[in-house]
Number of protein chains: 2
Amino acid sequence: MLKEFASHGYANASTNRMVQEAGIGKGMLFYYFKSKEELYRYCLEYCIDFISSEYLAQLDLTEPDFMIRFKKAGEIKMRAYLQNPLPFLFLASTYIRRDAPELVPDLYQRLEELTANGLKAMFANIDTSLFRQDVAPEQIINLIRWAIDGWSSETIAALENQDLTDYDWDSTFAEFDELLSALRKILYRRAAHGDCTGE
Amino acid sequence: MLKEFASHGYANASTNRMVQEAGIGKGMLFYYFKSKEELYRYCLEYCIDFISSEYLAQLDLTEPDFMIRFKKAGEIKMRAYLQNPLPFLFLASTYIRRDAPELVPDLYQRLEELTANGLKAMFANIDTSLFRQDVAPEQIINLIRWAIDGWSSETIAALENQDLTDYDWDSTFAEFDELLSALRKILYRRAAHGDCTGE
DNA sequence: AATTAAATTGACCACACTGGTCTAGAAAGG
DNA sequence: CCTTTCTAGACCAGTGTGGTCAATTTAATT
């Protein structure tokens with residue numbers, strides 16, 4: 001169901017394909033859900049719950065070092081995604097398609113709030129004294145974000161055509177650590193002795 | 001036509017909507033194109049031609065300073081996009097939907113080649129001696145790419161809900177320049193006197 | 001003006017597929 | 001044995017599809 005909605009959008013999702021994919025009779029679907037609309041709403045709630053509990057609620061927002069915090073967040077997200085990617089795909093799909101505006105009137109507001117709260121918390125209480133001082137800390141945070149996002153999306157894109165059953169994750173993680181250490185070298189204060197940035 | 005294909009994909013694009021949007025009779029479409037498939041192929045060729053001539057062919061690949069080269073490329077792309085955004089949207093749509101695989105068998109290979117050649121040329125003959133030496137130059141190139149990509153997509157996303165008729169572009173460009181100077185400060189060799197990275 | 005040719009329209013077609021219903025029966029439980 | 005809960009899939013009216021075609025307007029040519 002989630003897959004059908006995610007890949008075709010609400011309007012073009014076919015209940016016939018759903019029951020075929022699920023291997024059940026058409027009657028069942030409309031026995032448990034009185035309409036396609038109700039099914040959609042149920043899926044929505046399920047996905048929001050899943051992502052809230054398996055991803056957002058797991059974030060460690062106390063870690064002052066932004067890079068560590070962000071790295072942990074990435075691992076949590078990846079774990080949740082690998083456990084069940086469909087809620088992510090479903091919500092991303094509804095969000096970018098703007099598919100069901102009057103179907104669930106306050107949906108987009110809720111999604112905005114969800115991500116906005118997540119992001120706000122993500123960027124709150126960061127120890128900016130770790131950063132180099134000659135570039136604005138917001139700029140540094142952006143650079144870290146964009147670097148990690150860019151690396152992630154390119155890595156995921158590269159993995160998409162692979163057989164992941166016996167994939168060598170270690171080298172991927174090593175690559176990620178390399179990226180992080182480069183970021184630290186570039187964006188953080190030089191450790192202790194002789195801060196040659198001049199402050 | 002491009003808009004219809006771009007926003008619905010080949011299968012769900014409606015020839016009825018196309019003729020309505022274009023304000024012509026249904027007959028005309030099938031007078032000039034014998035089928036939806038032929039129309040699609042024509043659109044494809046048109047878009048590839050447009051992007052090749054108005055974007056890829058305009059790139060200045062001699063500029064040794066990567067950041068300047070990339071900045072110019074961004075401006076060229078933006079100019080082409082503003083002149084006619086539909087080819088970009090059309091090709092992006094076909095590429096991500098993987099919509100017409102057996103319709104145009106060698107399509108994806110051609111698109112891969114197009115972008116691959118573009119990217120390869122884009123990253124060839126770069127003067128890496130301008131970069132700081134304590135981080136691998138490929139890593140630096142990636143960081144610049146990701147930063148510019150991230151900034152661009154967030155800026156575009158923010159602009160999408162705006163009225164652009166009398167938008168203040170100067171502040172946007174200024175923001176972009178700020179980003180570039182931060183990148184230069186962070187990723188390039190310190191100019192001349194006292195290179196404190198120690199080589 | 002008369003005739004031929006090109007361009008244009010929209011009603012129309014068979015067909016595919018839609019969300020949803022409903023009958024008929026299988027399972028389960030008492 | 002009866003009742004209740006599940007389950008299946010044939011079926012329905014409706015909508016939209018890509019594509020056709022006879023009819024008509026417009027343009028070109030003689």
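For the numbers below, each heavy atom of this structure counts, side chains included, while hydrogens, waters and symmetry mates do not. Everything numeric in this text was worked out from a predicted model, so none of it was measured. Proteins come first, then strands; the chains are lettered A, B, ... in the order of their sequence lines, and each starts at number 1.
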Whole angstrom value for the distance that separates P of C:dA7 from CZ of B:Phe33: 14 Å
For DNA chain C, the residues among residues 3-19 of chain B that have a non-hydrogen atom under 4.0 Å from it: none
Whole angstrom value for the distance that separates P of C:dG19 from OH of A:Tyr40: 14 Å
Can you check nucleotides 7-9 of chain D for protein contacts, nitrogen or oxygen pairs under 3.5 Å, and list what you find?
unit_1	atom_1	unit_2	atom_2	d
D:dT7	OP2	A:Tyr32	OH	3.1
D:dA8	OP2	A:Gly25	N	2.8
D:dG9	N7	A:Lys26	N	3.4
D:dG9	N7	A:Gly27	N	3.4
D:dG9	O6	A:Gly27	N	3.2

Using the ring of each side chain (for Trp, its six-membered ring), is A:Phe66 parallel, tilted or perpendicular to A:Phe131, with breaks at 30° and 60°? perpendicular
Taking it one step at a time, do B:Leu179 and A:Leu143 satisfy side-chain contact (heavy atoms from CB on, under 4.5 Å)? CA-CA 9 Å; B:Leu179 169 64; A:Leu143 290 173; 4.0 Å; yes
Over 60° means perpendicular and under 30° means parallel, so tell me whether A:Tyr95 and A:Tyr108 are parallel, tilted or perpendicular. tilted
Return the value, rounded to whole Å, for the distance between atom CG of B:Leu29 and atom P of D:dC21. 16 Å
Would you say A:Thr62 and A:Asn125 make side-chain contact, with heavy atoms under 4.5 Å? no
Residues A:Glu63 and A:Lys71 bridged, charged N to O under 4.0 Å: no
Salt bridge (Lys or Arg N to Asp or Glu O under 4.0 Å) between B:Arg184 and B:Asp65, intermediate numbers included: CA-CA 11 Å; B:Arg184 181 161 263 127; B:Asp65 186 329; 2.8 Å; yes
Describe, in one word, how the ring planes of A:Phe123 and A:Phe70 are oriented to each other, choosing from parallel (under 30°), tilted (30 to 60°) and perpendicular (over 60°). parallel
Given B:Lys34, B:Arg41, B:Lys36, the one that forms salt bridge (Lys or Arg N to Asp or Glu O under 4.0 Å) with B:Glu38: B:Lys34
Please state how far atom CZ in A:Phe30 lies from atom P in D:dC6, giving the value in whole angstrom units. 18 Å
